[in-house]
Amino acid sequence: MRIDIISIFPEYFAPLDVSLIGKARERGILDVHLHQLRDWAHDVHRTVDDTPYGGGPGMVMKPEPWGEAIDAVLAADQDARPRIIVPTPSGVPFTQRLAMEYVAEPWLLFTPARYEGIDSRVMAEYGSRLCVDEVSIGDYVLAGGEAAVLVMVEAVGRLLPGVLGNARSAVDDSFAPGEMENLLEGPVYTKPPEWRGHEVPEILLSGHHGKIARWRRDEALRRTARNRAELLAALDPATLDKHDRRL
Ligand SMILES: Oc1ccccc1-c1ccno1
């Protein structure tokens with residue numbers, strides 16, 4: 001997978017050099033290209049923003065630098081087209097299901113904005129011939145889209161074949177489509193069996209895999225009911241047998 005990111009703060013993406021994503025890049029599973037938007041702002045101050053037409057607070061990112069930057073990225077591979085992802089509080093929710101859709105794409109282009117956003121003509125220009133998604137990582141406002149890109153690149157990158165390694169499958173993730181979709185992870189424990197008077201639940205030491213699986217599912221349902229009750233409503237009734245209903 002190739003990922004391109006255009007930003008006025010490319011240094012924001014240093015975390016993509018470390019940990020899981022960094023190793024995926026070293027192993028050639030993921031190819032990340034960072035671009036400084038100001039390289040396509042040709043005035044002496046390398047200006048990328050201006051006041052909004054119609055008035056209002058803040059500044060809007062100018063279309064010209066973005067248009068030239070995106071054209072330059074597209075020119076990197078004339079035979080392919082990236083899926084463009086625009087982080088914005090006004091976008092569709094970023095979910096595990098959307099991450100799984102993105103991991104199937106050979107090329108993603110992220111366009112994190114600052115200020116009040118990018119002149120709307122930019123995505124109108126590319127939306128006529130490319131897939132352009134406006135995506136939100138949650139109902140809050142950030143200073144810019146760079147943090148949202150870090151979140152999405154990690155969520156997508158970890159799903160790439162070979163990145164998680166054999167020990168861990170993304171299939172068991174919280175929110176992964178299937179039986180665990182819309183269920184939060186339950187509590188987890190490791191050695192020692194007793195710590196400051198807190199003991200590991202006996203069932204987990206029993207070696208009875210069927211009972212352990214049932215216990216974990218009960219705890220996942222309890223945590224989901226406690227922290228995200230609205231997800232329970234989305235659970236497929238077939239996955240809630242009479243035993244679960246008593247929780
Ligand atoms: O708050 C933002 C500002 C700029 C770009 C994206 C965001 C955002 C907030 C939530 N998801 O994306």
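In listed order, ligands and their atoms are each counted from 1. Basis for what follows: all heavy atoms, side chains included, without hydrogens, waters or symmetry-related copies. Every value quoted in this text rests on a predicted model; they were computed, and no experiment measured them.
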One pair to check against side-chain contact (heavy atoms from CB on, under 4.5 Å): Leu183 and Leu231. What are the steps and the verdict?
CA-CA 7 Å; Leu183 269 184; Leu231 292 179; over 6 Å; no
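The shortest contact between atom 11 (N) of ligand 1 and any protein heavy atom is with Ile137 N, 2.9 Å. Nearest protein heavy-atom neighbour of atom 9 (C) of ligand 1: Tyr140 O, 3.2 Å. From the protein, the heavy atom lying nearest to atom 12 (O) of ligand 1 is Thr88 C, 3.6 Å. Scanning the protein for heavy atoms near atom 10 (C) of ligand 1, the closest one is Gly138 O, 3.2 Å. For atom 7 (C) of ligand 1, the closest non-hydrogen atom on the protein side is Pro89 CD, 3.5 Å.
Between Lys23 and Glu26, no side-chain nitrogen of the basic residue sits less than 4.0 Å from a carboxylate oxygen of the acidic one, so the salt-bridge criterion is not met.
When non-hydrogen atoms are compared, ligand 1 lies under 4.0 Å from the backbone of Leu142 as well as from its side chain.
Between the Arg81 side chain and the Arg129 main chain, a donor and an acceptor come within less than 3.5 Å of each other. Without hydrogens or angle criteria, Arg114 side chain to Phe9 main chain gives no donor-acceptor distance under 3.5 Å. For the pair Ser136 (side chain) and Gly138 (backbone), a donor-acceptor distance under 3.5 Å is present.
The contact set between ligand 1 and Ser136, taken as ligand atoms under 4.0 Å from a residue heavy atom, comprises 10 (C), 11 (N). Against a heavy-atom cut-off of under 4.0 Å, Val141 is close to the following atoms of ligand 1: 1 (O).
Between Tyr102 and Phe94, the ring-plane angle classifies as parallel under the 30° and 60° cut-offs.
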